[in-house]
Number of protein chains: 2
Amino acid sequence: MAVTIYDIAEVLETSRSTVSRALRNDSKIALATRKRVKKQALEMGYRPNLLARALVNGKTQTIGFLTGSVILEVTSATMAKLGDIAREGGYGVHMADTKGELDLTVKQAHELIARGVDGLIIRGCFPEATVEQLQTELDFSVPTVFIGGVRMPLPCQQVYYDQAIGVKQAVDSLYELGHRQIHMFFMPWKGWEKETRFSGFYEAMAERGLDGGREGLYEFPPGHLDEDGHRFFDIDVCFSRTKKFLKSHPDCTAILCSDDKLALLVLSHLVHMGVRVPEDISVVGFDGMAATAYSLPPLSTVVLPIGEMVHTAFDLLMDSMKNNNNQPKEVVIPSKFLVRRSAEQVRIRKEVTPG
Amino acid sequence: MAVTIYDIAEVLETSRSTVSRALRNDSKIALATRKRVKKQALEMGYRPNLLARALVNGKTQTIGFLTGSVILEVTSATMAKLGDIAREGGYGVHMADTKGELDLTVKQAHELIARGVDGLIIRGCFPEATVEQLQTELDFSVPTVFIGGVRMPLPCQQVYYDQAIGVKQAVDSLYELGHRQIHMFFMPWKGWEKETRFSGFYEAMAERGLDGGREGLYEFPPGHLDEDGHRFFDIDVCFSRTKKFLKSHPDCTAILCSDDKLALLVLSHLVHMGVRVPEDISVVGFDGMAATAYSLPPLSTVVLPIGEMVHTAFDLLMDSMKNNNNQPKEVVIPSKFLVRRSAEQVRIRKEVTPG
DNA sequence: TTGTAAGCGTTATCAC
DNA sequence: GTGATAACGCTTACAA
């Protein structure tokens, strides 16, 4: 069996308390003793039993991370970052997939709490849940902070992206490049925070006096999920949808996509149709997926600063764990437009501008 | 504070042991009592403290998952699957990123063990570590199973992919489609299990009497990692590399890529150069990434059956946790070639075959 | 069928 | 400075 402080105490012919204190560098213990104990502990390969420790002081140095579909890149990037940050802070991460469903989220949260997490970070929005539902269901007994792409409409600790701002920047940037006929492509999949992405588009277009209400939106079929949660698109349908769009909007010079996957899809379809990007049409994505960096052309996209969000959320959580309060607090993280090669000056303007 | 069995016992004017047993449905307890206790527990919102339970019976119902770069799709898919399977089995998952480095792996493993995981699943190979190093470093005190793409050269519980078999299938399939000039593209990045992928290629080519030794291999620059572990490619270099290849290998009709990312990259570059896939050149990937399903054309690829691997690994782990033994055991999971549109009969043959 | 009491490995509160 | 001793919340012989 594993070595315990008791074993060490026995060998050293001292008491458990002394060993315990010495190992934690208690200044009350003589320096010599501390040294002796630590040496012995090392020799015997002692490793503290964090469970026992947790039982007495009520802290496990573990946080729980609840998230919908781990396989999504934004999710796994978040998780990776959280793992790193938590580790630096001496915390472990217990993760659980919620499939983005409220009841599973609640269930898993209770699981994790029972397992003794000190705090909870929950990622995902629950679009079909009512505020009342959230209020009652999500009444957790440990400090909790929500993260995601939309504001949760209830008093809680949360950090979320301002998704609109990046879209606005994108529209502004396109405008300055001479674009006037700008459209937004989207796939209305479940749990997707579309409204905030749309609203940025609406606003920015309106500000410029451009046509960008609902008419500026162009919908794609969302495909379907396989049993592992991977989303598959019906590329033939999407292809013809893009084709149709081009026919019906011959004057469109720029396309904003509601997410990078769609943007990459559309990009490849355009290229196949002989439409040059960005010479003929500029394309912009949303999310900041890694793959946008090496598409051809590399995709301009609105990036969600995941690291910043995770940092903020973790700090918030640490804080409320320390003070054991869970007072409502909100932090907004701005998204930002990242310029790459897929967006360019419109041709018309190019021809007008002399070399 | 949280409700404990003691609180319930007090209210019911009975003993803690009765409550404890009743809650766990011990047949020794009168059915009426059980009912009464459970009802009371429910009413008081009792939730068992798994930590306390763990302290006494030495089991936390938690497993640890160690893995390199969480952000990779294969990794996150593995994690997602593991989370689901574990939950079904009543287990939680404590995850930690190892960056694919041996010392961090060891460190994290000890962390997790201290936190009380009942077992460990470790993903990742350690190409630069010697067998001796692994032997000494990886001497864990809890049941452990390794998973990954290569066989660990030491006695342990492991399940790994037979990566060669899928490559062979791919080559066979291409051969049957009339391809003779088949080449393999690869990026030699750290920790990548290239040899097994290569060996499948070598063997299959040799079996068919085709030129497929080292000369059949064509190397791409591996790009670089950002601080988050995302890999970025220098697309311009890759592009010109592909171009150069086409010039120097005008008779090549099929390209096998060592991973899907590379395949998708090459695919887009070929399309941009006006090379039609699959009409002019067939392309095959490796991994089974989701994105291969909706590239244009959808990519034929060698898929790694992640679900199968995780299932196997979990079962193995459960087994050795139950019997508390850690006897060496190996399971091999075959990869398999998945046919999609990116590979097709060679043109020559097409012309010969009458309509 | 139920209750008593010991113990899991640690920390914390007292005395000494 | 150090050592008993009582928690922490639960399980499990052993008694009753």
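In the text below, chain A, chain B and the rest are named by the order of the sequence lines, each starting its count at 1. Quick caveat, the model's predicted, so the values are computed rather than measured.
The nucleotide whose nearest atom lies closest to any side-chain atom of A/I29 is, among D/dA4, D/dT2, D/dT12, D/dT2. Residue A/R21 places its side chain closer to C/dC14 than to any other of C/dT2, D/dT11, C/dC14. Taking every side-chain heavy atom of A/S20 into account, C/dT11 is the closest of C/dT10, C/dT11, C/dG3. In this structure, of C/dT11, C/dG7, C/dT2, it is C/dG7 that holds the atom nearest to the side chain of B/V56. In the set D/dC10, D/dT12, C/dT10, the nucleotide with an atom closest to the side chain of B/Y46 is D/dC10. For B/I5, whose side chain is taken as the heavy atoms from C-beta onward, the closest listed nucleotide among D/dT11, D/dG9, C/dT2 is D/dT11.
Atom CD in A/Q61 sits about 16 Å away from atom P in C/dT10, given to the nearest Å. A straight line from CZ of A/R115 to C1' of D/dG9 spans 17 Å, rounded to a whole angstrom. The NZ-C1' distance, from A/K59 to D/dC8, rounds to 13 Å in whole Å. Here the P atom of nucleotide D/dT11 and the CD1 atom of B/I8 are 11 Å apart, to the nearest Å. Going from atom CG of B/D26 over to atom C1' of C/dT1 covers 10 Å, rounded to whole Å. In this entry the distance linking CZ of A/R53 with P of D/dG9 reads 18 Å, nearest Å. Residue B/K28 contributes atom NZ, which lies 17 Å from atom C1' of C/dT4 at whole-angstrom precision. Note: CG (B/D7) to P (D/dG9) measures 8 Å, nearest angstrom.
Across B/T105 and B/L66, no two heavy atoms sit closer than the pair O-CD1, 3.7 Å. Across all non-hydrogen atoms, the minimal contact from A/V150 to A/Y160 is O-CB, 3.6 Å.
Contact check, B/T33 against C/dT2: a side-chain N or O comes under 4.0 Å of OP1 or OP2. Contact between the side-chain N/O atoms of B/T14 and the OP1/OP2 oxygens of C/dG3 is found at a separation under 4.0 Å. An OP1 or OP2 oxygen of C/dG3 is reached within less than 4.0 angstrom by a side-chain nitrogen or oxygen of B/T18.
Interatomic distance, A/L51 CG to B/R115 CZ, rounded to the nearest 0.5 Å: 10.0 Å. Here the CE-CD1 distance, from B/M318 to B/I63, works out to 9.0 Å after rounding to the nearest 0.5 Å.
Among the heavy atoms of the strands lying under 4.0 Å from A/T4 are primed sugar atoms or P, OP1, OP2 only; no base atom is included. Using a 4.0 Å heavy-atom cutoff across all strands shown, A/R24 reaches sugar-phosphate atoms only and no base atom.
Ion pair B/K99/A/D84 flagged as a salt bridge, since at least one NZ, NE, NH1 or NH2 atom sits closer than 4.0 Å to an Asp/Glu carboxylate oxygen.
The 5' end of DNA chain C is approached more closely, in terms of each residue's nearest nucleotide, by B/A30 than by the other of A/A52 and B/A30. Positionally, the nearest nucleotide of DNA chain C for B/R16 lies more toward the 5' end than for the other of B/L55 and B/R16.
With a 6.0 Å radius and a threshold of 12 heavy atoms from other residues, nucleotides or ligands, B/Q327 has its CD atom at or below the threshold.
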